[in-house]
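Remarks on the structure that follows.
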Protein chains: 2
Amino acid sequence: MRRPLAAGLRTFATTPARRAEPPPPRRPDFKKLDAADVAHLRSLLGSPDSSLVTTIPAPNGEWTACAQEDLVSYNSDWMDKYHGHSPVLVKPKSTQEVSKVLQYCYQKRIAVVPQGGNTGLVGGGVPLYDELILSTEGLNQIRDFDDVSGILTADAGAILESLSNFLHPKGYMMPLDLGAKGSCHIGGNISTNAGGLRLLRYGSLHGTVLGIEAVLPDEKGTVLSINMPGGCGAGALRKDNTGYDLKQLFIGAEGTLGVVTGVSILTPRLPSAYNVAVLSVPDFKSVQTVFKETRTHLGEILSAFEFFDHEGLEMVLEHTGAQSPFESQPEEGAEKPFYVLIETSGSNKDHDDEKLGGLLESLLENGTISDGTLAQDETQVQSLWSLRESLPEAAGKLGRVYKYDLSMPVKDMYSLVEEARERFAEKGLDKDGSIKTTVGYGHIGDGNLHINIVAKDWDPKVEKTIEPWIYEATAKRNGSISAEHGLGLMKAPYVGYSKTEPAIAVMQQIRRLFDPRGILSPAKYLPQASELPFQSEEERVQ
Amino acid sequence: MRRPLAAGLRTFATTPARRAEPPPPRRPDFKKLDAADVAHLRSLLGSPDSSLVTTIPAPNGEWTACAQEDLVSYNSDWMDKYHGHSPVLVKPKSTQEVSKVLQYCYQKRIAVVPQGGNTGLVGGGVPLYDELILSTEGLNQIRDFDDVSGILTADAGAILESLSNFLHPKGYMMPLDLGAKGSCHIGGNISTNAGGLRLLRYGSLHGTVLGIEAVLPDEKGTVLSINMPGGCGAGALRKDNTGYDLKQLFIGAEGTLGVVTGVSILTPRLPSAYNVAVLSVPDFKSVQTVFKETRTHLGEILSAFEFFDHEGLEMVLEHTGAQSPFESQPEEGAEKPFYVLIETSGSNKDHDDEKLGGLLESLLENGTISDGTLAQDETQVQSLWSLRESLPEAAGKLGRVYKYDLSMPVKDMYSLVEEARERFAEKGLDKDGSIKTTVGYGHIGDGNLHINIVAKDWDPKVEKTIEPWIYEATAKRNGSISAEHGLGLMKAPYVGYSKTEPAIAVMQQIRRLFDPRGILSPAKYLPQASELPFQSEEERVQ
Ligand SMILES: Cc1cc2nc3c(=O)[nH]c(=O)nc-3n(C[C@H](O)[C@H](O)[C@H](O)COP(=O)(O)OP(=O)(O)OC[C@H]3O[C@@H](n4cnc5c(N)ncnc54)[C@H](O)[C@@H]3O)c2cc1C
Ligand SMILES: Cc1cc2nc3c(=O)[nH]c(=O)nc-3n(C[C@H](O)[C@H](O)[C@H](O)COP(=O)(O)OP(=O)(O)OC[C@H]3O[C@@H](n4cnc5c(N)ncnc54)[C@H](O)[C@@H]3O)c2cc1C
């Protein structure tokens, strides 16, 4: 039965459903994986011994069961915040194997969670209960590279950093870069629509991804190949206006529509010249002034504009043991300064130096910046960048980190961090040591604020002080409750803060269209039917 | 009833269904517009006398019927190739009016064709039969502009050029530019995913469009507001990963999912320096060599790289009466040269001049180019650009133009033009004057080839010689049968040359999800159910 889309003009759910703790129960109609399933899944795989790992013992000695611990790193997320207990990990080696596995899971109603490098920060890539873990680890080949157009085609499981390493000697680079590059998979990047440090210059994956190959969780394990090279018909083209751009739905779908197995992406030329400067400014307003001036002076060579606060710098210096790059230190009781990192990349070092020099001169002259460092060589470039890039790691070392990645108009960004600190102080959470520090940093160019609230431990009291307050504060500022990291398990019930009811209704229908039995990443990404007023039980995927 | 998506690994329809001539008949279940409909539609509009134009007389003198001729320009397309006979044109003045009109059309099963500036080239924006024409002409306000972020929000009916004119004094520009800028609407640009002359530099609308407001053809005339500013919740943000990026579906949907009423778009800074050069090269291979060298020398300041052939230049010079910008003319019998237009735009004129100078020096030194002109002032910039931009107009003046806009790997682009000419010669179509000339031009940077086949008249004999041969030849080269212009009426039956069967099946299901009664742009965009093997009659929207 098809129902009309929910109506209403920009009706936001004013009181979005809140996730009850604990999360929704395991759906009883999902099959519990057993030895017969393992035997059948093994029969679908070319090298079952390396492609399937399970804690389920073989009745007939056909395979060796592993210990629970062997699956821990796949069952737990990077922050050690979400923990599932799946007994089966499958690592297919080809698109056809993924297709066979998904077809089987569809037939048997086995719930599945797709997993890439498992660096996601919202609990999307690990099982909630006992879902089969379908990892792309085994899909890691580079399929094709065209060095005239810069179009790269690779398996979804290729690690971001290895793709970068492949491209550099050819004079190209990946259009995205993030702290997790050594572990995350390009398929995971696409599935989370990862942003990262180069978005300001090269735009989002919605612009740079040209083709996607994905397997659907349906009767046939349908392989959807959209603008991928090879065969006959459109392949790896920059322009193609033949029908809806279906691949866009997979960008940021977090594994709810299908398993991405391959990708074709446009890679930019590697710039021949880089510059990095880190500047100290007295307040957040000056961060914005510097941003405006920077865009005017640097124009097309600006490739990153990041900011971090003094609390962040202190945390990093303590963690790394490094020296502050600034001569002057804020005096006791004085307002704490902010820091901006500016990167240029271009094709002519002299021109870029001249442009950056012009900017710095003008900023010093008009007194906007008080202190700064300009990298003189590659080592210094790295060490300045590491001030910004070490922030998540430093927070992780200091305690349990409640991480929020929000976007909003630049002018409203930092008041949210200040409000958070006041709130914690009011509740005495800083005094009693529950919260160690609250730091703010992010990509100014994209209006993207990362707030890291470092707590002594995962603590319901702390969590209740933060959520849903932080989402409300974001929505009030016309912001998004997830700029980059996605929804996963963490934010599924809160989508209503950023999306209207009709939009959520359409999303749920699209999800059902691709995943008719709802076996992919259940309970994640979107609110449950029961949490929404506009979907009847009858309609719910059983 | 939901059916699983059609299966198969990259199965292209090997013999795509061909549109029988004439196109599919009018669906008998669509209501014929009558005076009662006009009266009701008028009651939904704030200023019915200016917002509704109809040839249907008022029984009671409530309105004045117009003459058939008054609707001709809305019933016929820019090329004068497609002609409908709609009796009703509605031009709503607000999103709410659009909503009411679509709700009524849904209830009454009235077929609707959304229309912007009516500059589309595939017959998508004009009625096929008697569909109600819903024009965005009345929706032409700029809603908001943020001069820190460069985010512009406007009604869908705003004309591209007026948006440019609005932005220039503020130091910003539209990220797209096309020959039709004086007439086309931003909503039409989005609905066709228009490419144009700046795509190489600023990327496609899939990257630059941030928000879309659209009205759905359903029971309630649902208004879908996705990342638009105003109200509470996410608005006009560069980054937002809360759910499927639904707005992407509307980019290039050609009016089949809903009527776009508003848009929020990221506009780049206006460069302060421009350079344009037109170069003559001996053959198409050299065009590619020059492209490679250009990217190396110009890097981030390259903003356009266009090519056109000698036939194209001759046609334009004849049409405009202008002088050739080149000193040397090809000798009788010699191979005909090709021309490339290179544009740079940047933030520092001296730097740009130096980079371009370096490129030209190197190209002259190694003998790749034989002749060239560099614009010395704004007037020369315009006149060099007009060599390229006048091509479509010149073709239109010369005869009836069969236009194909294809994309494919750059190396295979021009052989297709040559094959076409040989084919026409074989069939004697050049000798007998049916075909006056065949010209090739396009955006090298995007692998986008425009072939204009100028015929004496619209002629089934000519058309049969071209189609489907040209689509087959494109598919063989791994190309797309529509790089920019879309599918419309012209290419609806041919999608199978560029998309796989499973992908087309998914598209049809998505279309039905948004437009349950199939009232929007019937018979266009996708193949009819009867032309596809994988959709049962029962499932077809009645
Ligand atoms: C230190 C650190 C820094 C980070 N910095 C950034 C940053 O700057 N910007 C940013 O956006 N993110 C950042 N992240 C978050 C994370 O790295 C990204 O979200 C990354 O793109 C996830 O990739 P992954 O391969 O690890 O995916 P996983 O964590 O394995 O999975 C993420 C989600 O995608 C789904 N998924 C994974 N692979 C597939 C597939 N092939 N098909 C279908 N679904 C799939 C999973 O089910 C899950 O929902 C950071 C993380 C860390 C740990
Ligand atoms: C001289 C000339 C040069 C051109 N150059 C280029 C070029 O370089 N690149 C390029 O890509 N195209 C080009 N075109 C094609 C055309 O201009 C573009 O496709 C343009 O984007 C269409 O905009 P429009 O407002 O005229 O739309 P229309 O022609 O009115 O409509 C086009 C399609 O979009 C739908 N539509 C229009 N508005 C809406 C809306 N608000 N909501 C839903 N659906 C809607 C219509 O139903 C139709 O299917 C050119 C055309 C001409 C005449």
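Chain letters run A, B, ... following the sequence lines, proteins first and then strands; every chain starts at 1. The analysis underlying the following values was restricted to heavy atoms, covering all of them including side chains, and did not include hydrogens, waters or symmetry mates. Not measured: the values here are computed from a predicted model.
Contact tally against chain A (heavy-atom pairs below 4.5 Å) for B:Arg511, B:His443, B:Arg201: the top residue is B:Arg511. Counting heavy-atom pairs closer than 4.5 Å to chain B, the top-ranked of the candidates A:Gly346, A:Ser480, A:Ser204, A:Gly486 is A:Ser480. Put simply, of A:Ala503, A:Gly252, A:Gly479, A:Gly207, the one with the most heavy-atom pairs under 4.5 Å next to chain B is A:Gly479. In terms of non-hydrogen atom pairs under 4.5 Å with chain B, the most contact-rich of A:Met408, A:Glu300, A:Arg269, A:Lys411 is A:Glu300. Your options are A:Gly243, A:Ala253, A:Ser345, and the one with the most heavy-atom pairs under 4.5 Å with chain B is A:Gly243. Ranked by heavy-atom pairs shorter than 4.5 Å toward chain B, the options A:Asp147, A:Asn348, A:Val148, A:Val215 are led by A:Val148. Interface remark: of the candidates A:Ser407, A:Gly299, A:Pro271, A:Ala483, A:Ala483 forms the most heavy-atom pairs closer than 4.5 Å to chain B.
Heavy-atom distances place the side chain of B:Leu237, and not its backbone, under 4.5 Å from chain A. Contacts between B:Ile151 and chain A at a heavy-atom distance below 4.5 Å are absent for every atom of the residue. Interface residue B:Asn448: only side-chain heavy atoms are found under 4.5 Å from chain A. If you measure heavy-atom distances from B:Leu246 to chain A, the contacts under 4.5 Å come from the side chain alone. For B:Thr296, the parts lying under 4.5 angstrom from a heavy atom of chain A are both the backbone and the side chain. Using a 4.5 Å cut-off between heavy atoms, B:Pro268 does not touch chain A at all. Proximity to chain B (any heavy atom under 4.5 Å) is shown, for A:Arg477, by neither the backbone nor the side chain. B:Leu200 touches chain A through backbone and side chain together, each having a heavy atom under 4.5 Å away. Looking at B:His297, the atoms closer than 4.5 Å to chain A (heavy atoms on both sides) all sit in the backbone: N, CA, C or O.
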Derivation of the side chain to side chain donor-acceptor pair (under 3.5 Å) call for A:His485 and A:Lys491: CA-CA 10 Å; A:His485 296 164; A:Lys491 298 183 192 164; 5.5 Å; no
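Taking all atoms of both residues into account, the shortest heavy-atom contact from B:Leu513 to A:Ile510 is CD1-N, 4.1 Å.
Relative ring orientation between A:Tyr244 and B:Tyr525 is described as tilted, the plane-to-plane angle lying within the 30° to 60° band.
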